[in-house]
Amino acid sequence: MIEMPEASTIARQMNETLTGKIFQHFSRGPLTHKFLWLNKPAEEFDAFVAGRQVTGAKSYGRSIFLYIDETHLNLFAELGGRILYHAQGATLPAKYHLRWDFTDDTSLTYSLQMWGFVGLLSKTDLSAPPFTDTGIPPLSDEFTFERFNQLLEEYPEKKAKGIKGFMVTSKYVFGIGNGYLQDILYRAKIHPARKIPSLSLEERSQLFSSIQGSMAEAIRLNGREDERDLFDYPGGYRRLMSSQTMGNPCPTCGTTIQKLAYLGGACYLCPTCQV
DNA sequence: TCCAATGTAACATG
DNA sequence: GTTACATTGGA
């Protein structure tokens, strides 16, 4: 899935590569998928974007905004898969779900994995629900330790669910999914099922630092090694806790890394370090 | 053959 | 309070 480091990398590359290009055509690819959500029929996407210009791109949490003229944007949200740029003359992938062609004979394709929302919105649409329901992206000015602590207290299910429930719910911290969460909790030495009221101030501080540190490092490395950037290059961030490292010794204490099914999606953790 | 993962529905339990 | 399930391309 695309989490904040991937969204950041792809948006930066889109901004550098696509800005100034004129859309020629939007279309669906040869693959279909029930969990691909467009907010309008593909024909409306096509009719709207044709002849309009890309004016930039940026990321927000795990979302990507691709700006169209001064008034609209193409929103990529809650999505998995690959968004790829194809230079003039490049062979398009055989399988993809969506495609944007530009007038200079370059194009963009999206191959979905799991699910994804692609929306054609006006900038004002972004300032109304459901697009305002997202939480605060890590590394943003708003994301201070004080605010983080406040969000922990505001989480309505703080007594019922473990810290994992809070962390992967986009309404609070926006940008982290199950993938990076494993490393974040490992670095903070916190078990995914720990209840929020039981977290000491020091543990909250460790968690906050771990979020900031993990996100900064992953952004610096252009995302995870098992995800791809706009040009189909893998990122350089190798997760410490994942299906790939399960069964290996914990780098800190040597205990075997375990897998645990909890609140949807797998947790990988060191049962000794994370309590 | 199994894995990835979000949100929600359905289930089990005390 | 926890798990199953929707899905499907890729390892």
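Keep in mind that this is a model prediction, so the values were computed, not measured. First the proteins, then the strands, lettered A, B, ... as listed; each starts at 1.
- Atom-to-atom, CD of A:Glu227 to C1' of B:dC3 comes out at 13 Å; the value is rounded to the nearest Å.
- No donor-acceptor distance shorter than 3.5 angstrom exists from the side chain of A:Arg224 to the backbone of A:Glu6, with no hydrogens or angles considered.
- Under the side-chain hydrogen bond (donor to acceptor under 3.5 Å, both in side chains) criterion, A:Gln13 pairs with A:Asp229, sequence neighbours left out.
- Annotation: side-chain hydrogen bond (donor to acceptor under 3.5 Å, both in side chains) contacts of A:Lys21 (sequence neighbours excluded): A:Tyr85, A:Asp104, A:Thr106.
- Identified under the ring pair (Phe, Tyr, Trp, His ring centres under 6.0 Å) test for residues 227-255 of chain A, with sequence neighbours left out: A:Tyr180-A:Tyr237.
- Within the structure, ring pair (Phe, Tyr, Trp, His ring centres under 6.0 Å) contacts touching residues 200-225 of chain A (residues at least two apart or in different chains) are A:Phe143-A:Phe208, A:Phe145-A:Phe208, A:Phe148-A:Phe208.
- Note on residues 113-136 of chain A: no pairs pass salt bridge (charged side-chain N to carboxylate O under 4.0 Å, His left out), not counting sequence neighbours.
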Nucleotide pairing, DNA chain B (Watson-Crick or G-U, distances under 3.5 Å), in dot-bracket with [ ] and |: |||||||||||...
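- Distance A:Arg239 CZ to B:dC3 C1': 11 Å, rounded to the nearest Å.
- Rounded to a whole Å, the CZ atom of A:Phe166 is 18 Å from the P atom of C:dG1.
- Contacts classified as ring pair (Phe, Tyr, Trp, His ring centres under 6.0 Å) and involving residues 109-135 of chain A (residues at least two apart or in different chains) are not found.
- Under the side-chain hydrogen bond (donor to acceptor under 3.5 Å, both in side chains) criterion, the residue pairs touching residues 247-260 of chain A are A:Tyr186-A:Thr252, A:Thr255-A:Thr272, with sequence neighbours excluded.
- At whole-Å resolution of the value, CE in A:Met167 and P in B:dT6 are 12 Å apart.
- Applying a 4.0 Å cut-off to non-hydrogen atoms, the residues of residues 178-188 of chain A that approach DNA chain B are A:Asn178, A:Gly179, listed by residue number.
- Comment: A:Glu154 does not engage A:Lys171 in a salt bridge, judged by the lack of any side-chain N to carboxylate O separation of less than 4.0 angstrom.
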Anything under 3.5 Å between a protein N or O and an N or O of nucleotides 2-11 of chain C, put it in a table, one pair a line.
residue : atom : partner : partner atom : Å
C:dT7   : OP1  : A:Lys34 : NZ           : 3.3

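- Distance CE (A:Met246) to P (B:dC2): 13 Å, rounded to an integer number of Å.
- Identified under the ring pair (Phe, Tyr, Trp, His ring centres under 6.0 Å) test for residues 54-81 of chain A, with sequence neighbours left out: A:Phe48-A:His72, A:Tyr60-A:Phe174, A:Phe76-A:Trp100.
- Rounded to whole Å, atom P of B:dG7 lies 13 Å from atom CZ of A:Phe117.
- Applying the side-chain hydrogen bond (donor to acceptor under 3.5 Å, both in side chains) test to pairs two or more places apart or on separate chains, those with a residue in residues 24-40 of chain A are A:His25-A:Asp46.
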